[in-house]
Amino acid sequence: MYAAKKFGKTKVSGLFLADQFGKYVLDSVKSTTAVDAGYVYGRRFNQQGVNTRFTTGLLLSPVFGDKDQWAFNGGYYYQGGHDKDGLELGAYTYTLALTYKTKRLVYTAGFDELSGNDAFSTSTVNHRFDPLYGTPHKFWGYMDYFYAVSGAPTGGLRDPYLKVKYTSANSRFTTELAGHYFLLASNQKDITGAAVSKHLGTELDLTAGYKLNKFTTVDAGISYMAATRSMEYAKNITPGTAGLNPIWAYLQINIKPEFLNK
């Protein structure tokens, strides 16, 4: 359920989402002595009931200034219930961002945090927040180190970031440079049992777009990651085996015929 309302220059939105996961038992040998039902990759989903997870929160987005040149975005979301493995869930995420606009430039500074599990804690509650679906691509870097499939690291994620965007006078050309400084939110262990550095890496994303005509645009971008060895632990990669400075680039042409706009 989603609801939003504007109060003057402030938009307030709220979310409540519940999703359910089938209960299972482990069966690594795929026993054939019982009914061979609901078997998926070592798990047998033939148990009664479901594990229910809920996500709820609020987002505030006021605009202010004599020319509405300032904007703030602040939100907090909580996940409770039980995760897909039946563990009690108590996780959160929050976001803060401040934007300043001029005639051609937009500057944004922000900070996002997703809770995670502390490797030195004995708690049986899962504090790892699931960002849900495809949302990470929009917020935590275009290289998708923390995309929906893999989610946030077990130790959570902190992302202070800066962005600057330019739009040409005729509005046909735009370009944006974004920088992310990724950190773990909670402690994680290395192969010796010691805590790893919380700094995961720094990502730079440069994108540009040009409108050729009313139904054709060209988009291009290049991204660079300067990762640390802690990123290997966050991504469950064998220590010492990963490349720490990947580059990713793309070029695409978007054609949307006029009849599709009607």
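- A salt bridge does not link Asp112 with Arg158: every distance from a Lys NZ or Arg NE/NH1/NH2 to an Asp or Glu carboxylate oxygen is 4.0 Å or more.
- At a threshold of 4.5 Å between side-chain heavy atoms, the hydrophobic network of Ile, Leu, Val, Met, Phe, Trp and Tyr places Leu183 and Phe139 in two separate groups.
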Worksheet item: Would Lys5 and Val12 satisfy side-chain contact (heavy atoms from CB on, under 4.5 Å), going step by step from the backbone distance to the final call?
Response: CA-CA 5 Å; Lys5 185 174 179 59; Val12 181; 5.7 Å; no
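- What you find for Ser197 and Ser230 is that their closest heavy atoms are O-OG, 2.6 Å.
- Using a 4.5 Å cut-off between side-chain heavy atoms of Ile, Leu, Val, Met, Phe, Trp and Tyr, with links allowed through other members, Leu244 and Met231 fall into different hydrophobic clusters.
- Put simply, the side chain of Glu232 reaches to within 4.5 Å of the side chain of Pro239, judged on heavy atoms.
- If you take CG on Asp118 and OG on Ser123, they are separated by 9.5 Å, rounding to the nearest 0.5 Å.
- Checking Asn245 against Tyr224 by side-chain atom types alone, a donor-acceptor pair falls below 3.5 Å.
- Between Ala109 and Leu162, the closest heavy-atom pair is CB-CD2, 3.6 Å.
- The backbone N or O of Glu88 sits nowhere less than 3.5 Å from a side-chain atom of His82 that would complete a donor-acceptor pair.
- Following chains of ILVMFWY side-chain contacts shorter than 4.5 Å, one can reach Ile191 starting from Val196, so the two form part of one hydrophobic cluster.
- Lys189 forms a cation-pi arrangement with Phe120, by the criterion of a distance under 6.0 Å to the ring centre and an angle within 45° of the ring axis.
- One N or O on the side chain of Thr93 and one on the backbone of Glu113 form a donor-acceptor pair closer than 3.5 Å.
- Using modelled atom types, one side-chain atom of Thr102 and one backbone atom of Leu105 make a donor-acceptor pair closer than 3.5 Å.
- Once rounded to the nearest 0.5 Å, the distance linking OH of Tyr76 with OG1 of Thr56 reads 10.5 Å.
- The local environment of NZ in Lys11 is sparse, with at most 12 non-hydrogen atoms from other residues, nucleotides or ligands closer than 6.0 Å.
- Residues Leu204 and Trp140 are members of separate hydrophobic clusters, defined by side-chain heavy-atom contacts under 4.5 angstrom among Ile, Leu, Val, Met, Phe, Trp and Tyr.
- Residue Arg53 forms a side-chain contact (heavy atoms from CB on, under 4.5 Å) with just one option from Asn126, Leu17, Asp130, Asp83, and that option is Asp130.
- Between Phe146 and Phe182, the two ring planes are perpendicular [angle over 60°; tilted spans 30° to 60°].
- A 4.5 Å side-chain heavy-atom check between Ile255 and Ile253 finds at least one atom pair inside the cut-off.
- A 4.5 Å side-chain heavy-atom check between Leu206 and Glu176 finds every atom pair outside the cut-off.
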Worksheet item: Does the side-chain contact (heavy atoms from CB on, under 4.5 Å) test come out yes or no for Val164 and Tyr166, once each step is laid out?
Response: CA-CA 7 Å; Val164 58; Tyr166 167 79; over 6 Å; no
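- Put simply, the side chain of Ser223 never gets that close to the backbone of Tyr142: no donor and acceptor are under 3.5 Å apart.
- Proximity of a side-chain donor or acceptor of Gln79 to a complementary backbone N or O of Pro131 within less than 3.5 Å is not detected.
- The NE2 atom of His127 sits 9.5 Å away from the OH atom of Tyr92 when rounded to the nearest 0.5 Å.
- Under the 4.5 Å side-chain criterion, counting only non-hydrogen atoms from C-beta, Thr95 is in contact with Leu59.
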Discussion item. Before you tell me yes or no, could you show the steps for Val218 and Leu251 under side-chain contact (heavy atoms from CB on, under 4.5 Å), namely the whole-Å CA-CA distance, both residues' side-chain angles and the distance that decides it to 0.1 Å?
Written reply: CA-CA 8 Å; Val218 177; Leu251 174 66; 3.9 Å; yes
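- Taken from NE2 in His180 to NZ in Lys163, the straight-line distance is 5.5 Å, to the nearest 0.5 Å.
- Minimum interatomic distance between Tyr161 and Phe111 (heavy atoms only, all atoms of both residues): CE2-N, 3.7 Å.
- With Thr175 contributing its side chain and Thr207 its backbone, the two residues share a donor-acceptor pair below 3.5 Å.
- Thr154 and Gln188 make their closest contact through CB-OE1, 3.9 Å (heavy atoms, listed as atom of the first residue, atom of the second, distance).
- To the nearest 0.5 Å, atoms CE (Met225) and OH (Tyr145) are separated by 5.0 Å.
- Residues Asn254 and Phe215 are not in side-chain contact: their nearest non-hydrogen atoms beyond the backbone lie 4.5 Å or more apart.
- Atoms OG1 and CZ, from Thr10 and Phe72 in turn, are 10.5 Å apart once rounded to the nearest 0.5 Å.
- Side-chain contact between Thr167 and Phe173 is absent, with no heavy-atom pair separated by less than 4.5 Å.
- Considering only heavy atoms from C-beta on, Asp205 stays 4.5 Å or farther from Ile222 through its side chain.
- Between Tyr78 and Leu89 the shortest heavy-atom distance is OH-O, 3.9 Å.
- Under a hydrophobic-cluster definition in which Ile, Leu, Val, Met, Phe, Trp and Tyr are linked whenever side-chain heavy atoms come within less than 4.5 Å, directly or via other members, Leu58 and Tyr2 are assigned to different clusters.
- A donor-acceptor contact under 3.5 angstrom links the side chains of Asp85 and Tyr24, judged on distance only.
- Considering every non-hydrogen atom in both Leu114 and Ala185, the closest pair reads O-CB, 3.5 Å.
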Worksheet item: Under the side-chain contact (heavy atoms from CB on, under 4.5 Å) criterion, do Asp19 and Leu132 qualify, and how do the steps go?
Response: CA-CA 10 Å; Asp19 44 3; Leu132 303 178; 4.3 Å; yes
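- Using a 4.5 Å cut-off on side-chain heavy atoms (C-beta onward), Leu157 and Leu200 make contact.
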